Colleague: 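Mind having a look at this structure? Questions to follow.
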Amino acid sequence: MRWTERQRAMLRAMGLRVWAPVDAEAGPDVATTDVAELPAPAPAPSPAPSPARAPVQLPAAVPAAPASGPLRDASQLGWPELREAVVGCTACVLCERRTQTVFGVGHQRAHWMVVGEAPGEQEDREGEPFVGKSGQLLDNMLRAIGLSREAGPPETQVYIANAVKCRPPGNRNPTPQELAACEGFLVRQIELVQPKVILAMGAVAVQSLLRSTEPVGRLRSKVHRYQGVPLIVTYHPAYLLRSPQEKARAWDDLCLAVECVQAGPPP
Ligand code: URA
Ligand code: SF4
């Protein structure tokens, strides 16, 4: 195959065995609705990095203001105020059963921003995104490309946030209303971080950021734009835990995101 030894080492770090069937692993820690359908057969692998690729797809995604709720305009808030606003937010019903809000974690000017769906049980308990099983896989995926949530320079320490900041009861998907109510916080987080690339993981992140209900399998492997920032759609780690055979595609997505960062902003 096309993997170098180094890449193979990275793939192993992701728990990916390209040459043999992967054992089914334990189920996901959260119920997500990432595309149930599998994309068509073999992925068209992205061969050599070509910085020239960047078919800008999709709407120039201008997020609208949050649809409803007492959430004030978050667009002027700095980090401390934004965090405070989230902690005290009651803009949607998810506030009723949360243990705590889950704001986000990582470098405030990270080059990479990862957007997930919503806190699960463990995240709700600990107040940090992606700390359950999905989070372990996410950390492995990030490590495979030299990134981490742990303290480091903005090139390597990512910022991780969810589309909604409170746990949906029973890990159901957030409703469109809840996504809209919480969106202003995510929009502001992205504005403050000013990432060089956004990794949208799973259908819910995509729904919030790109306003698309297309399956992940159809949106991945191209460069979208969110407020001018390259955005790569990929599978949610919880989905990869259920469908490990898709890890190869997720790896391709990560490689595409790396290319975006390396290519820098369009001229
Ligand atoms: N899944 C998510 O999308 N986010 C989390 O924080 C945890 C699991
Ligand atoms: Fe507020 Fe978002 Fe929590 Fe809803 S999910 S209560 S909008 S912080």
Side-chain angles (χ1 to χ4, degrees), residues 25-35 63-75 77 81-106 113-142 149 158-190 198-209 216 233-243 250:
E25 292 184 55
D29 60 337
V30 288
T32 58
T33 40
D34 306 73
V35 258
S68 63
L71 172 58
R72 298 144 359 260
D73 181 11
S75 67
L77 304 182
E81 299 81 26
L82 185 63
R83 186 181 282 274
E84 247 171 66
V86 168
V87 167
C89 181
T90 55
C92 82
V93 295
L94 297 184
C95 71
E96 291 167 10
R97 291 172 61 183
R98 71 184 176 212
T99 305
Q100 59 188 316
T101 54
V102 178
F103 182 72
V105 71
M113 181 144 176
V114 176
V115 179
E117 173 179 331
E121 187 181 5
Q122 205 167 328
E123 290 75 20
D124 175 71
R125 221 181 308 128
E126 296 187 28
E128 181 169 331
F130 282 104
V131 290
K133 272 218 179 71
S134 304
Q136 286 168 21
L137 177 55
L138 173 61
D139 286 341
N140 286 343
M141 292 166 70
L142 293 174
R149 73 173 76 199
V158 304
Y159 191 87
I160 306 174
N162 282 315
V164 298
K165 314 304 189 204
C166 304
R167 181 192 181 201
N171 297 337
R172 67 163 169 75
N173 289 323
T175 64
Q177 290 74 25
E178 290 156 358
L179 282 174
C182 212
E183 179 183 38
F185 295 136
L186 178 62
V187 170
R188 187 61 184 151
Q189 283 174 309
I190 296 172
I198 299 171
L199 205 53
M201 303 194 108
V204 172
V206 165
Q207 206 182 326
S208 178
L209 292 171
V216 169
V233 172
T234 192
Y235 297 113
H236 192 285
Y239 174 73
L240 294 175
L241 289 172
R242 295 194 296 272
S243 307

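Just so it is clear, the structure is predicted and the values come from calculations on it, not from any experiment. As the structure lists them, so they are numbered: ligands from 1, and atoms in each ligand from 1. Quick note: numbers below take in every heavy atom, side chains included, and nothing from hydrogens, waters or symmetry partners.
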Colleague: Within Cys89, is some N, O or S atom less than 2.8 Å away from atom 3 (Fe) of ligand 2?
Modeller: no

Colleague: For atom 5 (C) of ligand 1, tell me which residue out of Gly116, Ala118, Gly120 has the closest non-hydrogen atom.
Modeller: Ala118

Colleague: Using a heavy-atom cut-off of under 4.0 Å, does the side chain or the backbone of Glu123 touch ligand 1, or both, or neither?
Modeller: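 Side chain only; the backbone of Glu123 stays clear of ligand 1.
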
Colleague: Which atoms of ligand 2 sit under 4.0 Å from any heavy atom of Cys182?
Modeller: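 It comes down to these atoms of ligand 2: 2 (Fe), 5 (S), 7 (S), 8 (S).
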
Colleague: Could you tell me, atom by atom, which parts of ligand 2 come under 4.0 Å of a heavy atom of Ala181?
Modeller: 7 (S)

Colleague: State whether Cys92 contributes an N/O/S atom found under 2.8 Å from atom 4 (Fe) of ligand 2.
Modeller: yes

Colleague: Tell me, please, which residues at least two apart from Arg97 pass side chain to side chain contact (heavy atoms under 4.5 Å, CB included).
Modeller: Pro169

Colleague: Below 4.0 angstrom from a heavy atom of Pro129, which ligand 1 atoms are there? Numbered from 1 as shown, please.
Modeller: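 Near Pro129, the atoms of ligand 1 are 6 (O).
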
Colleague: Identify the heavy atoms of Val164 and Ala118 that sit nearest to each other, and give their distance.
Modeller: CG2-CB, 3.3 Å

Colleague: State the CZ-CG distance between Phe185 and Leu77, to the nearest 0.5 angstrom.
Modeller: 8.0 Å

Colleague: Backbone, side chain, both or neither: what part of Ala205 comes under 4.0 angstrom of ligand 1, heavy atoms only?
Modeller: neither

Colleague: Mind checking the CG-CG spacing from Leu179 to Asn173? Nearest 0.5 Å is all I need.
Modeller: 8.5 Å

Colleague: Enumerate the atoms of ligand 1 whose separation from the nearest heavy atom of Glu117 is less than 4.0 angstrom.
Modeller: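 Checking each atom against Glu117, I get 2 (C), 3 (O).
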
Colleague: Quick one: CD on Glu178 to CG on Leu94, what's the gap to the nearest 0.5 Å?
Modeller: 3.5 Å

Colleague: Examine Asn162 against ligand 1 and note whether any of their N/O atoms are separated by less than 3.5 Å.
Modeller: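 Yes: some nitrogen or oxygen of Asn162 is under 3.5 Å from one in ligand 1.
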
Colleague: Are any side-chain N or O atoms of Arg149 and backbone N or O atoms of Gly106, one a donor and one an acceptor, separated by less than 3.5 Å?
Modeller: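 Checked: no pair found.
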
Colleague: Is His236 in contact with ligand 1, taking contact as a heavy-atom separation below 4.0 Å?
Modeller: yes

Colleague: When rounded to the nearest 0.5 angstrom, what distance separates OG1 in Thr234 from OH in Tyr239?
Modeller: 10.5 Å

Colleague: Hey, could you give me the CZ/CG distance between Arg98 and Asp124, rounded to the nearest 0.5 Å?
Modeller: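 Going from the CZ atom of Arg98 to the CG atom of Asp124 covers 9.5 Å.
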
Colleague: Quick check for you: to the nearest 0.5 Å, what is the distance between Leu240 atom CG and Asn140 atom CG?
Modeller: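 So the CG of Leu240 and the CG of Asn140 are separated by 11.5 Å.
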
Colleague: Taking 4.0 angstrom as the limit and counting only heavy atoms of Arg98, give me the atoms of ligand 2 inside it, by number and element.
Modeller: 3 (Fe), 6 (S)

Colleague: Considering both backbone and side-chain atoms of Phe130, is one of its nitrogen or oxygen atoms within less than 3.5 Å of a nitrogen or oxygen in ligand 1?
Modeller: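 Yes.
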
